[in-house]
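Before any comments, here is the structure.
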Number of protein chains: 2
Amino acid sequence: MPLPAMPTPLLTPAANLIAASGGRVTRTRTAVLEVLQHSARSLNHDDIAAELAANGLPHDRVTLYRTLDWLVEQGLAHRVIGPDRARRFKAGGEISSPHAHFHCERCGHVLCLESIRPDERFTLPAGYEPERAELVFHGTCADCGRRRGAKA
Amino acid sequence: MPLPAMPTPLLTPAANLIAASGGRVTRTRTAVLEVLQHSARSLNHDDIAAELAANGLPHDRVTLYRTLDWLVEQGLAHRVIGPDRARRFKAGGEISSPHAHFHCERCGHVLCLESIRPDERFTLPAGYEPERAELVFHGTCADCGRRRGAKA
DNA sequence: GATCTAATGCTACAATGTTGCATTAGATCC
DNA sequence: GGATCTAATGCAACATTGTAGCATTAGATC
């Protein structure tokens with residue numbers, strides 16, 4: 001016995017966020033936001049494109065760029081520029097919760113350090129008016145350190 | 001009465017540094033290093049190329065890239081990746097004196113904050129082994145703040 | 001001054017991101 | 001449920017930043 005069509009279909013959390021932003025709820029947007037939400041690390045375009053392809057979703061490079069820009073604009077995702085000068089994305093706004101990032105030189109991943117706030121710990125020379133601070137550590141991440149015998 | 005040709009020509013500080021690194025002292029290298037040394041802010045490729053052109057020096061894009069990479073490798077210059085994902089360079093090594101940077105969103109310049117050391121002020125989660133930290137402030141620099149009436 | 005090769009200057013290419021425009025498909029209205 | 005309106009998409013072409021290969025030039029050394 002088939003269920004009756006739901007009058008107000010249950011949206012995923014991602015879809016709800018997108019709808020709340022006033023934009024159209026499209027397959028690409030929901031899929032991209034969900035990919036970001038389900039990842040512990042920040043993802044670059046290739047990572048995301050690969051995820052979309054794995055799910056059989058139609059997409060192209062340009063749409064992905066525009067979708068990600070839109071998500072950042074709406075505060076649904078934030079962007080880090082990695083050392084390879086490629087952008088990486090992660091779900092969640094930046095302004096609401098500023099935090100540091102960690103770039104692992106072994107595995108290349110960029111992780112969020114939610115516990116570290118880069119702002120308001122430094123005194124700048126007179127005249128400088130900082131609006132936000134970006135703090136990126138480079139080194140070996142916990143996973144890679146463990147994998148090779150945690151020398152600490 | 002012309003001066004006699006100097007037997008051991010006096011080298012500029014830049015040329016001396018280059019010679020001390022074991023590399024050949026070429027026009028491009030000395031010129032690029034001098035441009036960097038004379039600038040208070042970090043310069044991108046275009047800035048440097050414009051300076052070289054103004055001095056009538058022969059150069060091309062690729063040589064400039066290689067020259068800058070070499071200077072960084074020798075510890076004679078350091079590199080910052082700007083928000084426009086383009087590299088910016090400044091004289092002086094990074095390892096010897098790690099410091100924060102300030103990106104002015106008004107004039108686009110990236111300045112060095114020699115007085116601020118980004119390292120050893122944060123406690124990272126267990127397992128993370130940072131080797132260096134990168135700290136970039138975004139906001140309004142002293143010059144631009146003054147120019148519009150220093151609201152602070 | 002001759003020689004040896006690091007450094008240069010080409011050309012061609014790779015990676016990342018952008019612009020313009022025709023087409024598709026969410027949302028809305030009836 | 002279907003017509004309509006336009007945001008979002010998909011495609012092609014382009015822009016910017018950085019690399020690779022290789023013949024030529026010019027620092028350093030003998």
Side-chain angles (χ1 to χ4, degrees), chain A residues 4-5 7-9 11-12 14-33 42-50 52-53 56-74 76 79-89 108 110, chain B residues 7-9 11-12 14-33 42-50 52-53 56-74 76 79-89 108 110:
Chain A
T8 47
L11 297 175
T12 64
N16 273 321
L17 284 169
I18 290 165
S21 296
R24 288 184 183 172
V25 180
T26 68
R27 277 186 305 171
T28 304
R29 280 183 183 168
T30 49
V32 169
L33 185 50
S42 62
L43 303 172
N44 63 23
H45 275 258
D46 277 350
D47 294 331
I48 300 166
L52 293 183
L57 279 169
H59 61 277
D60 78 327
R61 249 160 42 84
V62 179
T63 301
L64 185 47
Y65 276 105
R66 288 198 273 230
T67 300
L68 287 165
D69 284 348
W70 185 85
L71 290 174
V72 170
E73 217 171 86
Q74 304 304 316
L76 299 178
R79 180 165 32 206
V80 205
I81 293 181
D84 54 355
R85 66 179 241 293
R87 300 171 181 170
R88 286 153 203 277
F89 297 84
V110 175
Chain B
T8 46
L11 296 174
T12 64
N16 273 320
L17 284 169
I18 290 166
S21 296
R24 287 185 184 170
V25 180
T26 68
R27 276 187 304 172
T28 304
R29 280 183 183 167
T30 48
V32 169
L33 185 50
S42 61
L43 304 173
N44 62 25
H45 276 259
D46 277 350
D47 295 330
I48 300 166
L52 293 184
L57 279 169
H59 62 278
D60 78 326
R61 249 159 42 82
V62 179
T63 300
L64 185 48
Y65 275 106
R66 288 197 273 230
T67 301
L68 287 165
D69 284 349
W70 186 85
L71 290 174
V72 170
E73 218 171 86
Q74 304 304 317
L76 299 179
R79 178 163 37 204
V80 206
I81 293 181
D84 54 355
R85 66 180 241 295
R87 300 172 180 168
R88 286 152 203 278
F89 297 83
V110 174

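All values below were derived from every heavy atom in this structure, side-chain atoms included, with hydrogens, water molecules and symmetry-related copies excluded. Given the structure is predicted, the values throughout are model-derived calculations rather than measurements. Numbered from 1 within each chain, the chains take letters A, B, ... in sequence-line order.
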Nearest atoms (heavy-atom pairs only) where A:L52 meets A:A31: CD2-CB, 3.7 Å
Nucleotide C:dT16, atom P - distance to CZ of A:R79 in whole Å: 15 Å
Identified side-chain contact (heavy atoms from CB on, under 4.5 Å) counterpart of B:V25 within the set B:T12, B:L17, B:N16, B:T30: B:T30
Between C1' of C:dT18 and CG of B:D84, the distance in whole Å: 15 Å
Close approaches to DNA chain C from residues 61-70 of chain B, in residue order (heavy atom, under 4.0 Å): B:V62, B:T63, B:R66, B:T67
Chi angles and distances behind the side-chain contact (heavy atoms from CB on, under 4.5 Å) call for B:T28, B:R66: CA-CA 11 Å; B:T28 304; B:R66 288 197 273 230; over 6 Å; no
Most 5' of B:T26 and B:A86 on DNA chain D, judged by nearest nucleotide: B:A86
Smallest separation among heavy atoms of A:D69 and A:R87, with atom names: OD1-NH1, 4.1 Å
Strand DNA chain D in bracket notation, Watson-Crick/G-U under 3.5 Å with | for pairs to another chain: ||||||||||||||||||||||||||||||
Contact summary for B:S21 and B:W70, nearest pair of heavy atoms: CB-CH2, 4.0 Å
Backbone of A:T63 reached by a side-chain donor or acceptor of A:T67 within 3.5 Å: yes
Heavy-atom pair with the smallest gap, counting every atom of A:R88 and A:D84: NH2-OD2, 2.9 Å
Side chain to side chain, B:R79 and B:L68, heavy atoms closer than 4.5 Å: no
Whole-Å gap separating P (C:dT28) and CZ (A:R24): 9 Å
Donor-acceptor contact below 3.5 Å, side chain B:S42 vs main chain B:V110: yes
Bounds of contact between DNA chain D and chain B, in 5' to 3' order, using a heavy-atom cut-off under 4.0 Å: D:dT17 to D:dA28
B:L57 versus B:H59, closest heavy-atom pair with distance: O-ND1, 2.8 Å
